[in-house]
Every structure is written in structure tokens, then in C-alpha cells.
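A short write-up of the structure that comes next.
All chains are named by letter (A, B, ...) in the order of the sequence lines, taking the proteins before the strands, and each is independently numbered beginning at 1.
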Protein chains: 2
Amino acid sequence: MTAQPSSAPRSAQRPDRAAPTLVQRIEDLILDEGLGPGDSMPTEPELCERLGVSRSSVREAMRTLASLDIVEVRHGHGTFVGRLSLSPLVDGLLFRARMNHGNDLRTLREVVQIRIALDLAVADELVERYRDTPMPELPGLVDAMRARTAEGKGFAEEDSAFHAALMSLLDNELVQQLGHAFWQIHTIALPALGIAPSRDILDTVDAHRAMLDALAAADVDAYREAVIAHYRPLQRVLESRESVRA
Amino acid sequence: MTAQPSSAPRSAQRPDRAAPTLVQRIEDLILDEGLGPGDSMPTEPELCERLGVSRSSVREAMRTLASLDIVEVRHGHGTFVGRLSLSPLVDGLLFRARMNHGNDLRTLREVVQIRIALDLAVADELVERYRDTPMPELPGLVDAMRARTAEGKGFAEEDSAFHAALMSLLDNELVQQLGHAFWQIHTIALPALGIAPSRDILDTVDAHRAMLDALAAADVDAYREAVIAHYRPLQRVLESRESVRA
DNA sequence: CAAGATTTGTTCGTATGTATA
DNA sequence: CTATACATACGAACAAATCTT
């Protein structure tokens, strides 16, 4: 009955002996040429020649690669190897969030759950690393958050910088990017869905400070507590919108 | 100094007052029409008319949406709303893995680290859920793994089904998909990079059984141990290839 | 500042391959 | 087998953005 895996969505459509798609051929070209992020790609006419296809085809393939952040195209300037960020994940999840809006905020709740899980999972290592590499700029960020909250403004920049700084201790680039990607999801989605931050957002600021205190004291349990507290206001906003369930 | 966020890669290029891109307009069309995964999209000529753009532009936008799994196009049949899977994440990470191959297997190591972190993070909840919903098909899967190993074959199907079944207990669709996506990465990447599984792959099979035993006994610590042991052979393969560092 | 060269963005018309009825 | 509807591919022309001279 398991004739077709059927789980593999579209990526695994490589029957091995089939003709490589144009997207793959361009990927191979990047690798063969030894290009890295930021390096400029051949121009479209050049690619048409080298690959023996029309410009329309090259352009469609480039769009695919651009949406995966494998290339980055700048109008009137050229095409460059992209940064291989997780922006496609962000784009996909943002659309998913818009899609099941009206029903509930399921996607956003799940994103927050994963952020919590990730933060808790790296807590041990973070405490250890922080011992060797304290980060003197972090308290200033927390103060800035408080200041901006007092002004009635958001503190997205500071929040992003705070978490990015902590994650940078981990020597795992993918975790950093995943964290940033998930952070982006609700930072972009909530305002876009017209959902205002709750009043107890100040608790979030305090939780940031508590996280720093726990790190300075090398107290893993306290850090875990602070992380959970840190997400509580956000969770409250999301749960309060929990409505119809099919 | 923070004039431009500049951290936002490409997704957030929405100065709010700028003309919505064609991709966004098609996304809006899907949402406005109330379409869901599997529903058929308007045909290309129809979209050209409704959106007032040429066929090529529609096609390029569709390619972008297809690579994000927001639409799925079936040759000669039509275009349909996609499943919103995490296939773009898989595609991007697979390319990244190919890119820093030759240097080291950094990306794959990071993927495994995240899988471990996720599995450990959900251990508590998993044990709890398993108490209420034991899954009688799982031991059979482990036996099948052992049988296939004895035949010298891989057990990708069984492994995938095993982890998918466990994750399905969690009531967090995103975690399931993330787990499956990361699983796909090294399952696809390792053979593609010509790296053979290590001899001690049998330990992985045993670890699967240990995971089940721990779940049946509702022993969280034992489950955590088994999870870690489960990844050890894979980690060994990846660490052994650690070579040049720039 | 201005003109021109380069490069990507958009459009049209046409022909071809593929799945369904 | 034929017909129809659909996606796929191509090539040429023009538009718009960017950089250089």
C-alpha cells in the first residue's frame, strides 16, 4: 500500500535518471563555479547561452531560486548569490498564518510553542557559554525596551538584537536563524492581522532582565523560568483570540 | 542609525505604500476567494485577465508561489492551492548543505543538533500523551527496521513513520512538519553527498526500541537517554568528516 | 547634470507537450 | 483515436532601474 511515499512534497521529485531541472542546473553552476553569498551571477543572456535555454525559462528558474534566497536579483544591477537565509520559511508561515486567521491563531500559537521549546532546549549550553562570554551590551538593550514602552512604542529592534546576541553564543548558525525566523513570524503577523499588544507587555521587558540576571548567576532553572515568563504576555494575546474550532 | 532595519532579508520589503507585488496579489486572491489546500486555482489566462498582467508575469509569480508550496501546479491539468508544507525549508537547507560540503558538514551537524533539541524539548509532553494514547503499530516498525538492516537495506520509510507517529501525539502541526523537514535533510543529503551510513547503525534501531520502552514505562529520563543514543551513530558519521576549518 | 551602456522587468505571439473527456 | 483544455517553452521587442562616463 505504500507504493508511493506521497509524503515527499515536491522536493524529492528526482527519479535520479530524469533530466535535471533548470533550477538544479543553475544550482550546480553556482557550486561548480565555487560562488558564495554576495558573488555576482552571470547575466541572464549569458545563462541562456551557457544553458541553452530561452530567457523566459532562465527567468522563471531564477524566480524560484530567488524565493529560496539562493539568488538575489537587483533590478537594473544584476543577480547575485543569495544569503541562504530562512526567508522562505518566514514567507510560507506568514501566509499560513493569514490563511487560518478568522478561524484561530493556531499557526502563531504553534510558532510560540516552538520558540519556547528551542529556548529551553539551549538553556544549559547558554548558561555555560555566558559564563565565559558575558555580553555587556545586553542590559542597555533592556533599558531601551523599557524606555520605548514608556513612550508607547514597540521595541522590536531591541528585542531582536537581544535574542540574536544570546543565540550567537551557541555556535550553531541554524539555531540562530531559526530563532530569528520564528521571531519574525509573529512580529510581522500580529500587526498585520490588526492585533494590538496586550497591556502587560511590560512583563516581557522585566522577563528579559530576569533572563540576564539568571545568566549572570549561572542559574539554569531561574533562566528557564524567566524564558517562560517572557512569553506569557504573548501567549495570553494568542489564547484570548482562540475562537471557533472545527 | 537604525534608518533601515536591513536585517529583514527580502520578505519585509513592503514599505506599506508601495505597489503590492504580483505574488502578493495572487496570495490575496487565494485568501479573498476562501480557497484552501487542494482547491483549484483560476487558469493562467483567467489570472492574466483578472490581474491585468501578461502570461509570463503570472507564470513567474506562480513559480515563486509553487516553490513556497503555496500553489501546486500539475502539468496539463491545472494549478491548485498547495499544502503549505515546509518543502522550501528543505530545499534551501539541502542546497546549503551542498554548498559547505568540501569544507565540512556543518549544516548537517546543526540540523541534527536541532532535531535532538526538539525531541528533548517535547519529551515531557510526549510521555504524558503516550500514556493516554499508546500506539500499537510502533513495535512493528522497529522490527521492520531490524529486518531491513539485516538485509543490508536502509529503513527510511519506517524511520519516518516512527517519528511522525510520535510527533502526531503533540497537537502541534508545525512541530510535526519541522521534525519531518529536518529528518528529510540528512536522509536526502547524506546519500547525495556519497556518505555511507556507519556500521553501528544497528544501535539506532535498538535506540528506537528503547524509546518505546521508556514511553511505555512513562520514564522521561530514560526516554531522553534513548533519544540521545538514537542520534549517536548519525553524529559519529558527521563528526568523523569534520575536516578543514577556514 | 546628462547621455549611454548594461541589466533586469514586462509583454506579445506562437508552437509544443501533456492530461482529460 | 480525436478533440479540447491546460501548462510549458521559446524568441523578440520594449520598458524601467542602475551604474558609468
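- Taking atom CD of residue A:Glu49 and atom P of nucleotide D:dC10, one finds them 15 Å apart after rounding to whole Å.
- Remark: C1' of D:dA9 and CE of B:Met62 are 17 Å apart, rounded to the nearest angstrom.
- Rounded to whole Å, atom P of C:dT10 lies 8 Å from atom CG of B:Leu22.
- Heavy-atom distances to DNA chain D give each of B:Glu46 and A:Ser54 a nearest nucleotide, and the one nearer the 5′ end belongs to B:Glu46.
- A sub-4.0 Å separation between OP1 or OP2 of C:dG9 and a side-chain N or O of B:Ser57 is absent.
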For nucleotides 17-21 of chain C, tabulate all protein N/O to nucleotide N/O atom pairs closer than 3.5 Å, reporting atom names and distance.
none

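- Closest approach to the A:Val53 side chain among D:dC10, C:dT10, C:dT8 is made by D:dC10 (side chain taken as heavy atoms from C-beta onward).
- Rounded to a whole Å, the CD atom of A:Glu44 is 16 Å from the P atom of D:dA12.
- Closest of all the heavy-atom pairs between B:Phe182 and A:Leu178 is CZ-CD1, 3.7 Å.
- The side chain of B:Arg59 contributes no N or O atom lying less than 4.0 Å from OP1 or OP2 of D:dA7.
- Neither OP1 nor OP2 of D:dA5 sits under 4.0 Å from any side-chain N or O of B:Thr43.
- Using a cut-off of 4.0 Å between Lys/Arg side-chain N and Asp/Glu carboxylate O, B:Glu157 and B:Arg148 are scored as not salt-bridged.
- One can place CG of B:Leu51 at 15 Å from C1' of C:dT11, the figure rounded to the nearest angstrom.
- The side chain of A:Ser56 contributes no N or O atom lying less than 4.0 Å from OP1 or OP2 of D:dG11.
- With respect to A:Asn172, the side chain to side chain donor-acceptor pair (under 3.5 Å) criterion is satisfied by exactly one of B:Gln113, B:Arg106, B:Arg109: B:Gln113.
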Under 3.5 Å, which donor-acceptor pairs link side chains of residues 36-43 of chain B to any protein atom two or more places apart or in another chain?
{"unit_1": "B:Asp39", "atom_1": "OD2", "unit_2": "B:Gly36", "atom_2": "N", "d": "2.7"}
{"unit_1": "B:Thr43", "atom_1": "OG1", "unit_2": "B:Glu46", "atom_2": "N", "d": "3.4"}

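- No hydrogens or angles considered: nothing links the side chains of A:Asp119 and A:His163 as a donor-acceptor pair under 3.5 Å.
- In this pair, A:Trp183 and A:His180 present their aromatic rings parallel. The plane angle is below 30°, not in the 30 to 60° band.
- Atom pair A:Arg63:CZ and C:dT8:C1' shows a separation of 11 Å (rounding to whole Å applied).
- Per the geometry, CG belonging to B:Leu47 stands 12 Å off P belonging to D:dC6, to the nearest Å.
- Across C:dT11, C:dT8, D:dC10, the shortest atom-to-atom separation from the side chain of A:Arg55 is found for C:dT8.
- Looking at which nucleotide of DNA chain D each of A:Val58 and A:Arg74 is closest to, the 5′-most match is held by A:Val58.
- Not a single donor-acceptor pair under 3.5 Å links the side chain of A:Gln235 to the backbone N or O of A:Val112.
- Between the CD atom of A:Glu72 and the P atom of D:dT18 there is a distance of 13 Å, given to the nearest Å.
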